[in-house]
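Numbers here simply count residues along the sequence, with the first being 1.
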Amino acid sequence: MLRNLLDPTDLTVGEIDEIMERALDIIAHREKYADACRGKKLATLFYEPSTRTRLSFTAAMMELGGNVLGFSDAANSSVSKGETVADTARVISCFADIIAMRHFKEGAPLVAAQYATIPVINAGDGGHSHPTQTMTDLLTIRREIGHFDHITVGLCGDLKFGRTVHSLIKALGRYEGVKFVLIAPDELRLPDYIKKDVCDAHGLEYEEVSTLEEAMPQLDVLYMTRVQQERFDDRAEYERLKDSFILDAAKMALGKRDMIVLHPLPRVNEIAQEVDDDPRAAYFRQVENGKFVRMSLIYTLLKWKEEGRTAEPDGHTHVEGPKCRHTRCISSIEPVKPLYIKGEDGRCRCLYCETEMEE
């Protein structure tokens, strides 16, 4: 299979460092990359609303000298006629050189990558993964702090449905001495499969707390997230939880002088506007970093395709099973083969959305 970016772990630590270094070179020498993708086309296939991510990909390709095509609303595409993700990937491969896909169903970019003949970048799939946001987060930490190892990272808000949180844990957890502080209400705590298969499996240090106040003094990075209304089936449950944690000036006063605050945006009210003027608030600088890291990623994946670099086998044992029970899985709406990843403990997780198979 071609080299794609569907999950942060698709890249080795060395490859992440390579992309970071190239992003820093782009920042320092913009003119050097102005024609790097001349004649190349990026297809942005966005099946759910997005402002920052879609425009960031568009700006990235344009600043590399390339062109952009695609859609920002599935209703305006052939999906409204019943076209599958697999067929869309085959068709778009005839028109473009690389795909950036956002989809409301988990695992959709993986399906696209199985059928496309060009690289596929996951721009967010349901509540599952958002690897380019993770690359953005990493570049921001690199520029603000200077390194990834031996830092304490607080993750606050919606840790259950927050795909940016899941992706960041997977990526940062591969560096030495990283500790996570998980700050969430009981209903929005980090899923067990992330704790077991990522944190516990790799010996990561983490603790769960119930207030921002108790976490703030130890943090080098505070990663705030919004409670996502679109991930809730019950509106009343969303209303009850949406104001669980709000960062304001009083709470910021408890943090280290060199701590930074990140947020994938958009925010609702989880960060008070008074925090924006604090030099530790890095979330708007984070937005611009997203453009630079996506420039680096597009350039790198196209370069690897030209070099014929392919993906190594993931090393997992894949088994067939019953249809996934998760309603947000791509298998709930498309005719994909039900496949599961079998862990060393015998537990099986859906290949597309990582939901555990029922006994």
Check salt bridge (charged side-chain N to carboxylate O under 4.0 Å, His left out) between [X] and all other residues, then give those that pass, not counting sequence neighbours.
X      : result
Asp278 : Arg280
Lys303 : Glu307
Arg189 : Asp186, Glu208
Asp97  : none

(message) Strictly by side chain to side chain donor-acceptor pair (under 3.5 Å), give each pair with a member in residues 249-261 just once, sequence neighbours left out.
(response)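 Listed by first then second residue: Asp220-Lys256.
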
(request) Determine which pairs satisfy side chain to side chain donor-acceptor pair (under 3.5 Å) with at least one residue from residues 55-68, sequence neighbours left out, and list them in order. (result)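 Side chain to side chain donor-acceptor pair (under 3.5 Å) check on residues 55-68 returns Arg30-Glu63, Ser56-Arg294, Glu63-Lys291.
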
Does [X] have any side-chain hydrogen bond (donor to acceptor under 3.5 Å, both in side chains) partners at least two apart in sequence or in another chain, and if so, which?
X      : value
Ser167 : Ser129
Thr12  : none
Asp192 : none

(message) Counting only heavy atoms from other residues, nucleotides and ligands, does the tally under 6.0 Å from NZ of Lys179 exceed 12?
(response)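 Above 12, so yes.
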
(request) Check whether any side-chain heavy atom of Leu212 lies under 4.5 Å from a side-chain heavy atom of Leu254, and answer yes or no. (result)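 Heavy-atom side-chain distance check fails, nothing below 4.5 Å.
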
(request) Report the residues that fulfil ring pair (Phe, Tyr, Trp, His ring centres under 6.0 Å) with Tyr33, sequence neighbours left out, ordered by chain and then residue number. (result)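 By the ring pair (Phe, Tyr, Trp, His ring centres under 6.0 Å) rule, Tyr33 matches Tyr299.
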
(request) Give every residue pair that meets the ring-ring contact (aromatic ring centres under 6.0 Å, His included) criterion with at least one member in residues 302-327, sequence neighbours excluded. (result)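 Matches after skipping sequence neighbours: none remain.
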
For residues 199-206, which side-chain N or O atoms pair as donor and acceptor with protein atoms under 3.5 Å away, sequence neighbours left out?
| residue | atom | partner | partner atom | Å |
| --- | --- | --- | --- | --- |
| Asp200 | OD1 | Tyr206 | OH | 3.2 |
| His202 | ND1 | Val198 | O | 2.9 |

(message) My understanding is that only one of Thr132, Leu42, Val293 makes a side chain to side chain contact (heavy atoms under 4.5 Å, CB included) with Ile298; could you say which?
(response)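 Checked Thr132, Leu42, Val293 against Ile298; only one passes side chain to side chain contact (heavy atoms under 4.5 Å, CB included): Leu42.
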
